[in-house]
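Have a look at the structure below before the remarks.
Per chain, numbering begins at 1; letters A, B, ... match sequence-line order.
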Amino acid sequence: MSEERSVADIRLEKVRRMRELGHDPYGVERFERSHAVKSVLDEFEALEGQGVRLSGRLHSMRQMGKASFAHLSDGEEKVQLYFRKDDLGEVGWELSELLDIGDHVGVEGEMFRTKTGEKSVHVRRVVPMSKALQVLPLGKEKEGHHWYGLSDVETRYRHRHLDLICNPEARKRLLDRMRLTAAVRRFFDDLGYLEVETPMLQIEAGGAAARAFVTHYNAYDMDVKLRISLELYLKRLICGDLPKVYEIGRVFRNEGVSNRHSPEFTMLEFYEAYANLEDMMTRVEDLFRTVSMAVFGSTEVAIGDRRLDFARPWHRVHLLEEVERHTGLTPHDLSSLETAVVEARRLGVEDLATKAGGHIDLAKEKNLGGFIEKLLEVFVEPTLQDPTFVIGYPIETSPLAKKVPGDPSMTRRFEGYVVGREICNAFSEINDPVDQRARFEQQVAERARGDDEAHPMDEEFLFALECGMPPTGGCGIGIDRLAMILTGADHIRETILFPTMKPEH
RNA sequence: GAGUCGGUAGCUCAGUCGGUAGAGCAACGCCCUUUUAAGGCGUGGGUCCUGGGUUCGAGUCCCAGCCGACUCACCA
């Protein structure tokens with residue numbers, strides 16, 4: 001017995017047999033189809049009895065003597081194929097008998113309905129175009145139930161092609177994400193923005209508070225870092241009198257992973273000269289409306305158990321007012337870390353945080369700005385279900401944003417929230433080189449005190465500012481998270497084709 | 001980084017008290033010219049994640065490690 005033959009051996013034998021019959025599946029270079037599968041189903045009434053040419057992958061097979069049935073998928077829809085020995089001739093029939101689930105084929109035949117009413121192709125010619133040497137997790141299904149599939153998430157991420165073949169929901173979500181990116185591009189192109197590309201390898205990675213990946217540049221024998229944001233180079237282009245620029249690109253942050261964090265993720269940043277914070281809000285509102293229309297065909301999107309309508313303007317609230325509303329801490333209480341901690345103790349903020357499902361340890365708070373953002377995160381964020389802009393962020397955590405006139409502790413910065421999740425970060429950019437230098441110096445001092453995520457000094461950027469930058473509004477949006485929210489994904493990896501994974505062994 | 005849970009056939013999973021490794025789908029052979037979870041008869045298939053240990057005997061118990069999931073911490 002030859003029971004030790006592997007599936008691959010058996011299928012390679014079938015390839016040899018096909019070649020003996022005069023057809024080399026791997027020799028085929030092209031096959032011109034007349035229709036997409038979806039269109040032969042949609043236009044069936046007009047096509048019934050007409051010849052069609054289709055191509056795709058076999059998802060199921062039912063052989064029954066001198067006839068057989070199969071389902072062909074072109075990635076979008078599936079249609080049934082009907083093979084009959086009498087109609088295919090000896091060679092054609094034998095070729096069809098050598099087919100397996102997973103093979104790519106082209107077929108020629110006419111549309112008809114079977115006894116049970118299924119729209120099908122009565123195949124007159126079959127052209128095998130590649131053989132699946134591996135067993136694919138495909139097979140039988142009926143009315144939503146299926147007797148195959150790939151649910152192990154590790155396998156789905158490591159072998160994403162199998163996920164794309166077998167799991168229509170995963171496939172749709174990933175495709176939606178790609179269409180979303182395309183819609184974002186179209187949005188900015190239509191507004192007259194210029195799409196640019198800036199360096200990924202940098203001597204010092206700046207523009208955000210994060211740890212960078214380090215790699216080595218052999219030619220210059222020096223270590224370089226992978227970018228953690230797009231910000232500083234894009235603003236240097238604003239300084240170069242490119243008044244509207246955007247970039248969609250990968251940034252890298254050497255930090256922990258979670259369902260909302262991937263070490264490499266796709267950032268959108270856009271900058272517009274002579275525009276301010278309020279203009280950026282308008283841009284974000286327009287962007288969400290346009291993108292949801294382009295991807296989902298509606299400005300109304302169901303997210304979890306909520307229906308959001310991006311046709312409506314977003315709520316606008318002020319950070320300190322919201323914090324006061326939820327904690328009782330007044331702007332005056334929050335004028336210094338010391339008084340803030342005293343007042344927070346008096347109000348029992350730690351217990352309130354626990355009740356709200358968060359955690360605050362007053363003894364651990366190091367600076368006022370960080371504490372305020374912590375309060376925002378624990379008490380305010382969960383309440384921001386409808387699209388909302390939170391305006392006015394503390395200066396310590398906003399080293400690239402203009403100060404609020406008359407209030408040197410606050411900046412002209414906002415973040416946008418949807419279903420309690422932060423989705424964008426924007427500000428009126430600092431264009432005063434003296435102010436910017438002072439902010440960097442503050443950051444460098446933080447770094448010296450052990451904060452390895454503080455911004456480094458960037459003399460090149462400062463030089464550009466010194467040459468004159470117009471007033472500018474800027475905004476950053478994490479594309480993966482945007483896709484997560486809009487497609488209802490519970491893990492960021494569901495929106496990334498090939499998420500970072502440790503090697504299997 | 002910490003805690004909890006998981007890893008058994010190509011896929012989805014079961015495996016009792018420690019006693020010969022199981023099912024469905026997929027695969028292979030035969031029959032079957034409108035089936036659709038096609039059907040009938042038959043067959044093969046395992047590094048039970050890895051390495052140690054306990055035991056007459058380990059998929060099962062113990063220890064260590066690897067990979068993953070979830071929760072938490074940092075971050076967007």
TODO: Once you apply the 3.5 Å cut-off to both distances, tell me the Watson-Crick or G-U wobble partner of B:U43, or none.
DONE: B:A27
TODO: Would you check if there is a donor-acceptor pair between the side chains of A:Glu269 and A:Tyr271 at a distance under 3.5 Å?
DONE: yes
Task: Whole-Å C1' distance, B:U12 and B:U55 - done: 34 Å
Open item on the list: Distance check, P atoms only: B:G22 and B:C48, in whole angstrom units.
Closed with: 14 Å
TODO: Could you tell me the separation between the CG atom of A:Asn259 and the P atom of B:C70, rounded to a whole number of Å?
DONE: 7 Å
Open item on the list: Between A:Arg227 and A:Glu247, does any side-chain N to carboxylate O distance fall below 4.0 Å?
Closed with: yes
- [ ] Verify the contact: side-chain N or O of A:Arg62 to OP1 or OP2 of B:U35, cut-off strictly under 4.0 Å; return yes or no.
- [x] no
Open item on the list: For a salt bridge (charged side-chain N to carboxylate O under 4.0 Å, His left out) check, start with the C-alpha distance between A:Asp176 and A:Arg179, then their side-chain angles and the critical distance, and finish with the verdict.
Closed with: CA-CA 5 Å; A:Asp176 279 349; A:Arg179 295 198 296 150; 2.9 Å; yes
Open item on the list: Say we look at B:A21 and B:U35: how far apart would their C1' atoms be, to the nearest angstrom?
Closed with: 35 Å
Open item on the list: So, OP1 or OP2 of B:U33: does either fall under 4.0 Å of a side-chain N or O from A:Lys85?
Closed with: no
- [ ] Tell me what A:Phe83 touches on the nucleic acid: a base, only sugar-phosphate, or nothing, going by heavy atoms under 4.0 Å.
- [x] nothing
Task: Selected nucleotide, minimal atom distance to A:Lys374 side chain, candidates B:U33, B:U34, B:C74 - done: B:C74
Task: Rounded interatomic separation in angstrom, taking CZ from A:Arg156 and C1' from B:A69 - done: 12 Å
TODO: Could you please name the partner base of B:C48, counting Watson-Crick and G-U wobble pairs only when both distances are under 3.5 Å?
DONE: none
- [ ] Compare side-chain N and O positions of A:Arg493 against OP1 and OP2 of B:A69 and report whether any pair is under 4.0 Å apart.
- [x] yes
- [ ] Determine the Euclidean distance between corresponding P atoms of B:U60 and B:U16; express it in Å to zero decimal places.
- [x] 11 Å
Open item on the list: Output the rounded distance in Å from CD (A:Glu154) to P (B:C70).
Closed with: 12 Å
Open item on the list: Please verify the inter-ring angle class for A:His159 with A:His161; under 30° counts as parallel, over 60° as perpendicular, anything in between as tilted.
Closed with: perpendicular
- [ ] Please give the nucleotide sitting opposite B:G18 as a Watson-Crick or G-U wobble pair, both distances under 3.5 Å, or none.
- [x] none
Task: Upstream residue (5' side of RNA chain B) when A:His71 and A:Ala210 are each assigned their closest nucleotide - done: A:His71
Open item on the list: Suppose you measure atom P in B:C31 against the same atom in B:G68; what distance do you get, rounded to whole Å?
Closed with: 49 Å
TODO: Determine the interatomic distance between P on B:G46 and the same-named atom on B:A23; round to the nearest Å.
DONE: 14 Å
Task: Watson-Crick/G-U partner (both atom distances under 3.5 Å) of B:U55 - done: none
Task: Partner nucleotide of B:A73 by Watson-Crick or wobble geometry (both distances under 3.5 Å) - done: none
TODO: Give me the one residue out of A:Leu72, A:Leu81, A:Asp87, A:Leu54 that meets side chain to side chain contact (heavy atoms under 4.5 Å, CB included) with A:Val123.
DONE: A:Leu81
- [ ] For A:Met64 and B:U34, give me the distance from atom CE to atom C1', rounded to whole Å.
- [x] 7 Å
Open item on the list: Is A:His491 close enough to B:A69 that one of its side-chain N or O atoms is under 4.0 Å from OP1 or OP2 there?
Closed with: no
Open item on the list: Under 3.5 Å for both donor-acceptor distances, Watson-Crick or wobble: does B:U35 have a partner, and if so which one?
Closed with: none
TODO: Take the protein atom NE2 of A:His159 and the nucleotide atom P of B:C67, then report the distance between them rounded to whole Å.
DONE: 16 Å
TODO: Rounded to whole angstrom, note down the C1' distance from B:G10 over to B:A26.
DONE: 7 Å
Open item on the list: Using heavy-atom distances to pick each residue's nearest nucleotide on RNA chain B, tell me which of A:Thr155 and A:Gly117 is more 5'.
Closed with: A:Thr155
- [ ] Would you indicate, yes or no, if B:A69 has its OP1 or OP2 atom less than 4.0 angstrom from a side-chain nitrogen or oxygen of A:Lys502?
- [x] no
Task: Nearest-Å distance once atom C1' is located in both B:G15 and B:U20 - done: 14 Å
Task: Side-chain donor-acceptor contact under 3.5 Å, A:Glu195 with A:Tyr193 - done: no
